[in-house]
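Before any comments, here is the structure.
A note on names: the letters A, B, ... follow the listed sequences, proteins ahead of strands, and every chain is numbered from 1.
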Amino acid sequence: MAKDLLLEDLNEPQREAIMHTGSPLLVLAGAGSGKTRVITRKFAYLVKKKKLSPMSIFTVTFTNRAAEEMKHRICGLLSMDVKQTWIGTFHSQCNKILRREIKHLGYKSDFTIYDDEDQCSLIRHILKELNIYEALYKGIASRISILKSSLITPENFLYQGDGFGFDEKLGRVYMRYQDELKRSDALDFDDLILLTARLFEEHPKICAKYQRSFDYILVDEFQDTNLSQYRLLQLMAAGQNNICVVGDDDQSIYKFRGAEVNNIRNFEKDFPGLKIIKLEQNYRSTQNILDVSGRVIASNPNRKEKRLWTDKGCGDKVCYSMLGNEEEEAKFVAKTIKDLYLKGLHEYSDVAVLYRINLQSRAIEDGLRAEGIPYHVLSGVSFYHRKEIKDVIAYIKLVANTDDNVSFRRIINSPPRGIGISTLAKIEQEAKKNSSSLYNTVRQIVKSNNSVLSSIKERLASFVNIIDLLRQGSYKNAAELMKAVLNKTNYLDHLEEERAQNVVDLISSVENVSVHNFLDRTALVAVAETDNPVSAVSLMTLHSAKGLEFPAVFLVGLEEGILPYFKALEESSDMEEERRLFYVGMTRAKERLFLSSVMRRRFYSKVQDQEPSRFIKDIPRDCCQWIEKIQPVHHCVDKSKIPADQKISLFDIGCRVKHPFWGIGVVRECSGIGENAKVTVNFPGIGVKRLVPSIANLERVNI
DNA sequence: AAAACTCCTCTTTTT
DNA sequence: GAGGAGTTTT
């Protein structure tokens with residue numbers, strides 16, 4: 001009976017996808033078509049029916065969130081402990097392999113992992129040294145990252161490049177960058193994938209070992225894979241070809257960081273005997289939402305066509321509104337959300353407001369705040385990226401690996417100990433001369449009798465002393481090491497209270513984590529947003545909305561220049577991605593979808609006239625409620641115009657009241673005062689009632 | 001080492 | 001128009 005449960009509540013293509021084995025499989029899973037369900041059930045099916053060991057199924061996802069969900073669901077299906085399984089992100093899986101095998105590539109197995117910020121600071125350092133305009137570091141970092149994820153080595157790049165101008169400089173920086181990483185025994189995120197692929201390529205025996213130990217490979221969000229990830233999958237799957245990838249080319253929105261949609265097309269060529277299954281039944285949205293989004297995405301060329309359908313019915317029409325400017329748009333969004341809430345149609349947590357760029361959240365936040373609507377913004381600086389947290393982590397990293405020059409530079413004068421740029425420059429110079437790490441160089445300087453001022457020598461000695469002492473200790477967990485760091489450095493003394501509290505929080509969160517696990521985790525796992533308050537509207541970019549769903553979705557700023565973003569206007573492949581972004585946004589909605597654009601918007605410092613997004617033209621009008629307001633409409637009640645007797649009435653129009661019998665309703669009208677006061681209340685599902693508050697036991701419900 | 005000043009940039013982002 | 005970073009000033 002358990003085996004039947006595995007295949008229950010599935011439609012035909014889903015069942016087929018789960019049961020297909022024996023040749024490579026590509027599952028084209030439309031938005032909301034139950035792809036996670038397919039992957040998790042397939043995992044369980046392989047274990048229960050095909051008798052594969054859970055440890056022999058290599059399952060890769062793109063984000064930690066997805067990996068955790070898979071583990072959780074598979075754990076439930078198989079009622080087993082998933083700790084030992086190979087379910088994880090590309091990066092964490094590769095990390096796991098490399099910690100065991102990287103010695104074959106000439107790295108130490110306790111290599112350090114550099115995150116973006118470390119990567120950037122290393123690149124800046126190199127630019128400074130090579131006398132290249134430093135402000136370019138961000139662009140250069142992303143170019144290098146894309147080169148790496150496309151399997152182009154510095155040598156290759158220098159060889160194939162034109163050898164002039166910017167490319168030549170980029171090539172030199174890239175070369176130096178890889179060199180410095182190696183010297184620091186550090187890998188960046190791209191290296192984790194790249195070096196695993198190289199390991200398998202250069203060491204066929206090791207490759208064969210892993211091929212043998214994995215009976216099946218499952219890949220989630222396949223449209224987001226880059227070339228190096230694709231290569232890795234090819235290497236791992238070679239021979240057995242027991243691989244199943246799940247993805248949706250229409251939801252590929254990460255080209256800018258190297259994702260290669262063509263992997264879906266090439267898959268057919270590279271994996272002969274490929275079986276393709278389309279999942280087209282949508283379990284998320286109403287037909288109107290599917291019709292609108294489906295028509296918009298249909299205009300993209302070269303897509304694997306899917307026709308999403310649902311048995312949910314039409315639902316509400318999609319609403320498109322044109323507002324005067326971004327304040328009005330925000331006000332419209334806030335009023336509409338309030339209305340949905342007051343009518344009891346949605347909780348605040350049902351609602352998401354999505355936008356193209358983070359900048360847009362400002363106006364929306366102001367609008368929601370004015371209306372007293374609780375919200376949270378998903379974005380930006382995660383806990384681990386705060387300066388004080390990264391400083392403490394840098395100490396731990398340096399203690400774990402004294403070759404880590406990036407961490408050294410970060411903390412050599414933090415907290416301030418009078419070691420300035422000129423001293424650091426001397427150290428850098430000396431280190432280069434001896435091709436030694438910065439830390440070891442300092443250690444030499446302290447010991448030797450060279451021409452360094454004794455006062456400076458003292459300061460350096462105290463730093464060396466701290467690190468060496470920390471290295472000698474043994475620590476049960478990361479928290480102990482951190483406490484020792486704070487103890488020896490007095491780091492907290494220089495911090496404002498809030499920042500100090502952050503550090504204290506960090507320490508208490510790692511009391512049961514070993515130092516090694518902690519370092520892996522901080523690098524590879526962005527911590528989940530801590531505050532997810534009671535019931536609040538979610539604000540986020542279209543990119544971060546991918547993979548989520550909400551009963552009601554607002555998509556704002558649908559204008560030329562915003563969506564599509566003005567930088568994507570030239571390249572047709574960029575424009576296609578903007579369209580997919582719009583598509584991803586719309587398909588997050590389950591029941592209600594509100595689109596809006598404005599006629600004038602202030603963008604950076606200037607105010608611009610805006611055109612509605614070209615994507616709006618593709619929307620079928622019959623699924624849509626079209627509101628083009630030329631005149632700004634004042635929804636809000638101007639308090640000064642309300643007659644005096646209404647002003648003092650018990651209830652404001654729109655406020656929520658609770659009736660002992662009919663439940664919660666929305667106040668439509670108020671009249672009279674005191675004993676004569678009357679209110680008209682709409683109770684959803686019951687109807688409009690006229691009540692006398694002094695008799696009816698009405699209770700005001702605060703929002 | 002903090003404060004004041006100028007300059008620059010200004011998608012999207014997970015690992 | 002604002003926030004970040006680097007530089008100069010105190």
query = Under 4.0 Å: is that the gap between some side-chain N or O of A:Tyr604 and OP1 or OP2 of B:dC10?
reply = no
query = Can you check whether A:Thr89 has a side-chain N or O nearer than 4.0 Å to OP1 or OP2 of B:dT14?
reply = no
Short side-chain N/O contact from A:Asn358 to OP1 or OP2 of B:dT13, under 4.0 Å = yes
ask   = Which part of the nucleic acid does A:Gln93 contact within heavy-atom distance under 4.0 Å: base, sugar-phosphate only, or nothing?
value = nothing
request  = Indicate, with yes or no, if the rings of A:Tyr177 and A:Tyr114 have centres closer together than 6.0 Å.
outcome  = no
Integer-rounded Å distance: B:dT11 P and A:Ile562 CD1 = 11 Å
request  = Mind checking A:Tyr133 for me? I need base, sugar-phosphate or nothing, with any heavy atom below 4.0 Å counting as a touch.
outcome  = sugar-phosphate
inquiry  = Could you tell me how far apart A:Phe189 (CZ) and B:dT13 (P) are, to the nearest whole angstrom?
reply    = 16 Å
ask   = CD of A:Glu117: more than 12 outside heavy atoms within 6.0 angstrom?
value = yes
key: B:dT12 base / A:Arg257 side chain donor-acceptor hit below 3.5 Å   = no
message = Please classify C:dT7 as syn or anti, treating any glycosidic angle within 90° of 0 as syn.
response = anti
ask   = What nucleic acid atoms does A:Asn64 come within less than 4.0 Å of, heavy atoms only: base, sugar-phosphate, or nothing?
value = sugar-phosphate
query = So, is A:Ser544 close to the B:dT13 phosphate, meaning a side-chain N or O under 4.0 Å from OP1 or OP2?
reply = yes
query = If you look at every strand shown and take non-hydrogen atoms under 4.0 Å, does A:Arg602 touch a base, only sugar-phosphate, or nothing?
reply = sugar-phosphate
key: Secondary-structure notation, DNA chain B, from Watson-Crick and G-U pairs under 3.5 angstrom (| other strand)   = ||||||||||.....
query = Between A:His543 and A:Tyr355, is the ring centre distance below 6.0 Å?
reply = no
